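Each chain gets a letter, A, B and so on, in the order the sequences are listed, and its residues count up from 1. Here the structure is a predicted model, which is why all the values come from computation and not from measurement.
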Protein chains: 2
Amino acid sequence: MVERGSAHLDDVFHALAHPVRRDILRRIARREHTIGELARPFDMSLEAVSKHVQVLERAHLLERSRRGREHYCRLDPAPLQDAAKVLAGLARLWNRRLDALEALLADIQKEN
Amino acid sequence: MVERGSAHLDDVFHALAHPVRRDILRRIARREHTIGELARPFDMSLEAVSKHVQVLERAHLLERSRRGREHYCRLDPAPLQDAAKVLAGLARLWNRRLDALEALLADIQKEN
DNA sequence: TTATAATTCAACCATATGGTTGAACGTGGA
DNA sequence: TCCACGTTCAACCATATGGTTGAATTATAA
């Protein structure tokens with residue numbers, strides 16, 4: 001298990017915070033794509049898409065393998081689990097707060 | 001059900017992409033805090049923390065109620081479900097096994 | 001009323017982000 | 001070899017971000 005700190009989570013959530021990058025993730029989740037294939041649908045330069053791919057790579061959400069002159073990109077889903085754990089942790093804390101409130105209400109009703 | 005578009009997701013993921021803001025979320029998930037209480041543990045100005053609170057508010061992750069001169073902040077967990085759906089969607093598209101993630105997300109969605 | 005406390009607002013600064021363009025790099029095909 | 005192709009790199013630009021400080025706002029307390 002790789003040690004992943006707060007800075008890694010920063011990168012993962014930052015990478016997810018742009019619609020172009022989320023779209024890229026959806027496409028490489030289905031199958032590998034080259035940079036050119038990824039860029040084609042967007043109304044922006046290939047260089048801009050290449051930068052978005054680098055942001056995803058820095059977050060370790062995207063893995064690249066060079067075959068010849070083409071770079072094939074595929075999803076690395078592991079960091080998604082780290083992100084999901086953050087959301088699950090917050091949900092768990094929130095539920096605990098609800099539980100505490102319900103316990104308090106139960107106590108109040110017992111007294112009457 | 002409020003219509004939430006891509007721009008809203010941008011805000012949510014951006015809000016989650018800073019350790020100070022994730023820490024604030026964890027604390028307000030347990031109980032309400034004032035801005036001053038939220039700022040105290042951090043080695044930065046209260047104004048800076050106030051800005052972080054505003055980022056969370058823009059993402060609708062934080063609700064504020066003014067009581068007297070104090071502003072009480074509590075978690076609004078609804079946008080976390082939108083974020084979780086993105087992760088779940090990616091996991092579903094990915095054509096290899098990802099049971100652990102799906103279990104985590106199921107836990108989140110059980111709430112509400 | 002006056003002073004103080006909790007918070008925001010406004011201005012400013014350094015750095016990051018998201019985009020562009022043009023040049024360079026590495027590979028494959030003629 | 002030479003050239004075209006896929007991609008990155010470098011420079012640049014406008015705007016956003018994350019922090020600061022000092023002034024303004026609003027509510028409580030004396």
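- Contacts classified as salt bridge (charged side-chain N to carboxylate O under 4.0 Å, His left out) and involving residues 35-53 of chain B (residues at least two apart or in different chains) are given here: Arg31(B)-Glu37(B).
- For the pairing with Glu63(B), the side chain to side chain contact (heavy atoms under 4.5 Å, CB included) check across Asp76(B), Ile28(B), Leu56(B), Leu75(B) returns one residue only, Asp76(B).
- The two residues His60(B) and Pro79(B) have their closest heavy-atom pair at O-CG, 3.1 Å.
- Across the protein-nucleic acid pair, Gln54(B) atom CD and dT8(C) atom P stand 6 Å apart, rounded to whole Å.
- Contact record, Leu46(A) with Gly36(A): CD1-CA, 4.1 Å, taken as the closest heavy-atom pair.
- Between Asp10(B) atom CG and dA16(D) atom P there is a gap of 13 Å when expressed in whole angstrom units.
- The phosphate of dA16(C) has neither OP1 nor OP2 within less than 4.0 Å of any side-chain N or O from His18(B).
- The interatomic distance linking Ile35(B) (CD1) with dA5(C) (P) rounds to 18 Å, in whole Å.
- Electrostatic pairing of Glu32(B) and Arg27(B) does not count as a salt bridge here, judged by no charged N lying under 4.0 Å from a carboxylate O.
- Checking the phosphate oxygens (OP1, OP2) of dT7(D), no side-chain nitrogen or oxygen of Ser50(A) falls inside 4.0 Å.
- Here His14(B) reaches the OP1 or OP2 of dG18(D): one of its side-chain N or O atoms lies under 4.0 Å away.
- Taking for each of Arg66(A) and Ser45(B) the nucleotide of DNA chain D with the nearest heavy atom, the 5'-most of the two is the partner of Arg66(A).
- Residue Arg67(B) is out of contact with every strand shown, counting any heavy-atom pair closer than 4.0 Å.
- Rounded to a whole Å, the CZ atom of Arg40(B) is 13 Å from the C1' atom of dT7(C).
- A residue-by-residue look at Glu47(A) and Arg69(A) shows that Glu47(A) has its nearest nucleotide of DNA chain C further toward the 5' end.
- Candidate nucleotides dT17(C), dG18(C), dA6(C) were compared by shortest atom distance to the side chain of Glu70(B), and dA6(C) ranks first.
- When distances are taken from the side chain of Arg58(B) to each of dT20(D), dT7(C), dT17(D), the shortest belongs to dT17(D).
- Per the geometry, CD belonging to Glu32(A) stands 17 Å off P belonging to dG6(D), to the nearest Å.
- Distance from the side chain of Thr34(B) is smallest for dT7(C) among the nucleotides dG19(D), dT7(C), dT7(D).
- With the nearest nucleotide of DNA chain C identified for both Lys51(B) and Leu46(B), Leu46(B) has the one nearer the 5' end.
- Between the P atom of dT17(D) and the CE atom of Met44(B) lies a distance of 16 Å, rounded to the nearest Å.
- His52(A) places its NE2 atom 12 Å from the P atom of dT17(C), with the value rounded to the nearest Å.
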